[in-house]
Amino acid sequence: MFNLASRYTLAKLPPAETARLRLTRLEPADAEAVRALTDDPAIIEAVDFLSAPFTLADARRLIGPAKVRKDCFLGAWQRADGTLAAIVGLHLRGDHAAEIGYWVGGAARGQGIGTEAVRAALGLLRERFPNRFIIAECRPENAASVGLLRKLGFRDTGDEGHRPGRRIFTYEPG
């Protein structure tokens, strides 16, 4: 059971395991793995707050420990070989919402890794924040991402997102 203060912070989220992945909060020691996974034109073009090229300094800023209260980035590490396959961002929005975002490394795309990682992260959010609604922002033309969200129970609200060209999806598990 979490104390009341933990319901307002993403700090100290427990790890989550799936059949193929272990999700843990990214630490400063993970910066090189984050840089290597993220410095990919397909990722940088899809995630508006990432710079091109994505440097080691950018990775350190992204996962810096000072951000963990309202924003947390989880690494989805392959259990078989310990490589970083995907990153899932969790973001508290006000007192009532949580936003989830993600990107998957090129070598792991098309294998269901993103779905597995996001499903595990949703479980962490539901456990820690049972009364918050969960949203995601996605470009409607990003068929792979829209498919992942729909598969997990998200619905396109038709509302414009905060980021240009994105729509808001809300989590409504069946």
Side-chain angles (χ1 to χ4, degrees), residues 2 5-6 8-93 97-129 134-139 142 144-145 148-149 152 161-166:
F2 299 106
S6 72
Y8 299 98
T9 179
L10 289 163
K12 298 182 182 173
L13 278 178
E17 291 202 8
T18 70
R20 297 180 291 172
L21 302 171
R22 179 171 171 77
L23 273 73
T24 60
R25 186 171 63 85
L26 289 167
E27 302 286 344
D30 302 323
E32 177 52 36
V34 170
R35 187 217 54 82
L37 179 93
T38 305
D39 191 27
D40 171 344
I43 292 171
I44 291 169
E45 289 172 13
V47 183
D48 67 333
F49 60 83
L50 299 175
S51 60
F54 189 79
T55 67
L56 187 56
D58 294 326
R60 287 183 179 129
R61 276 190 295 279
L62 181 75
I63 62 177
K67 300 175 93 173
V68 173
R69 185 171 152 76
K70 298 286 183 186
D71 299 287
C72 178
F73 289 92
L74 304 174
W77 304 88
Q78 299 223 34
R79 291 175 62 187
D81 63 8
T83 59
L84 182 61
I87 294 174
V88 180
L90 307 176
H91 314 280
L92 299 184
R93 301 293 188 232
E99 182 178 352
I100 194 164
Y102 47 88
W103 58 92
V104 179
R109 289 185 199 126
Q111 302 173 36
I113 294 288
T115 301
E116 196 171 323
V118 173
R119 181 178 286 125
L122 285 168
L124 290 171
L125 284 174
R126 297 287 2 119
E127 185 176 332
R128 175 67 67 89
F129 306 105
I134 300 173
I135 62 167
E137 284 193 13
C138 182
R139 286 188 176 106
N142 184 340
S145 195
L148 182 155
L149 291 171
L152 291 175
H162 291 89
R163 295 168 194 89
R166 287 169 173 73

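Not measured: the values here are computed from a predicted model. Here, residue 1 is the first one in the sequence, and each next residue gets the next number.
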About how many Å separate [atom2] of [Y] and [atom1] of [X], when rounded to the nearest 0.5 Å?
| X | Y | atom1 | atom2 | answer |
| --- | --- | --- | --- | --- |
| Arg35 | Leu84 | CZ | CG | 11.5 Å |
| Leu10 | Lys70 | CG | NZ | 8.0 Å |
| Leu26 | Arg60 | CG | CZ | 14.0 Å |
| Ile100 | Leu125 | CD1 | CG | 5.5 Å |
| Ile87 | Leu74 | CD1 | CG | 10.0 Å |
| Asp71 | Ile63 | CG | CD1 | 13.5 Å |

(Q) Treating Arg139 as the side-chain partner and Ala46 as the backbone partner, does any N or O pair qualify as donor plus acceptor under 3.5 Å? (A) yes
Q) Taking the side chain from Arg166 and the backbone from Pro164, do they hold a donor-acceptor pair closer than 3.5 Å? A) yes
Nearest atoms (heavy-atom pairs only) where [X] meets [Y]:
| X | Y | result |
| --- | --- | --- |
| Leu90 | Leu13 | CD1-CD1, 3.6 Å |
| Ile43 | Leu50 | CG2-CD1, 3.7 Å |
| His91 | Phe73 | CE1-CZ, 3.7 Å |
| Ile113 | Ala85 | CG2-CB, 3.8 Å |
| Trp77 | Ala33 | CH2-CB, 3.9 Å |
| Leu37 | Gly105 | CD1-CA, 3.2 Å |

Q.
Could you walk me through whether Leu149 and Tyr102 satisfy the side-chain contact (heavy atoms from CB on, under 4.5 Å) test, starting with their C-alpha distance in whole Å, then the side-chain angles of each, then the deciding distance to 0.1 Å, before giving a yes or no?
A. CA-CA 11 Å; Leu149 291 171; Tyr102 47 88; 3.3 Å; yes
(Q) Quick test of your reading: applying side chain to side chain donor-acceptor pair (under 3.5 Å), list the pairs with at least one residue in residues 40-50, sequence neighbours left out, ordered by first then second residue. (A) Asp40-Arg109
Q: Give me the ring orientation class for Phe49 and Trp103: parallel if the planes are under 30° apart, tilted from 30 to 60°, perpendicular past 60°.
A: perpendicular
Q: Sequence neighbours left out, what passes salt bridge (charged side-chain N to carboxylate O under 4.0 Å, His left out) with Arg79? Give chain and number order.
A: Glu17
Q: Before accepting this row, confirm whether a basic side-chain N of the pair Arg119/Glu116 lies closer than 4.0 Å to the acidic partner's carboxylate O.
A: no
(Q) With salt bridge (Lys or Arg N to Asp or Glu O under 4.0 Å) as the rule and sequence neighbours excluded, what pairs involving residues 98-107 come up? (A) Arg93-Glu99, Glu99-Arg163
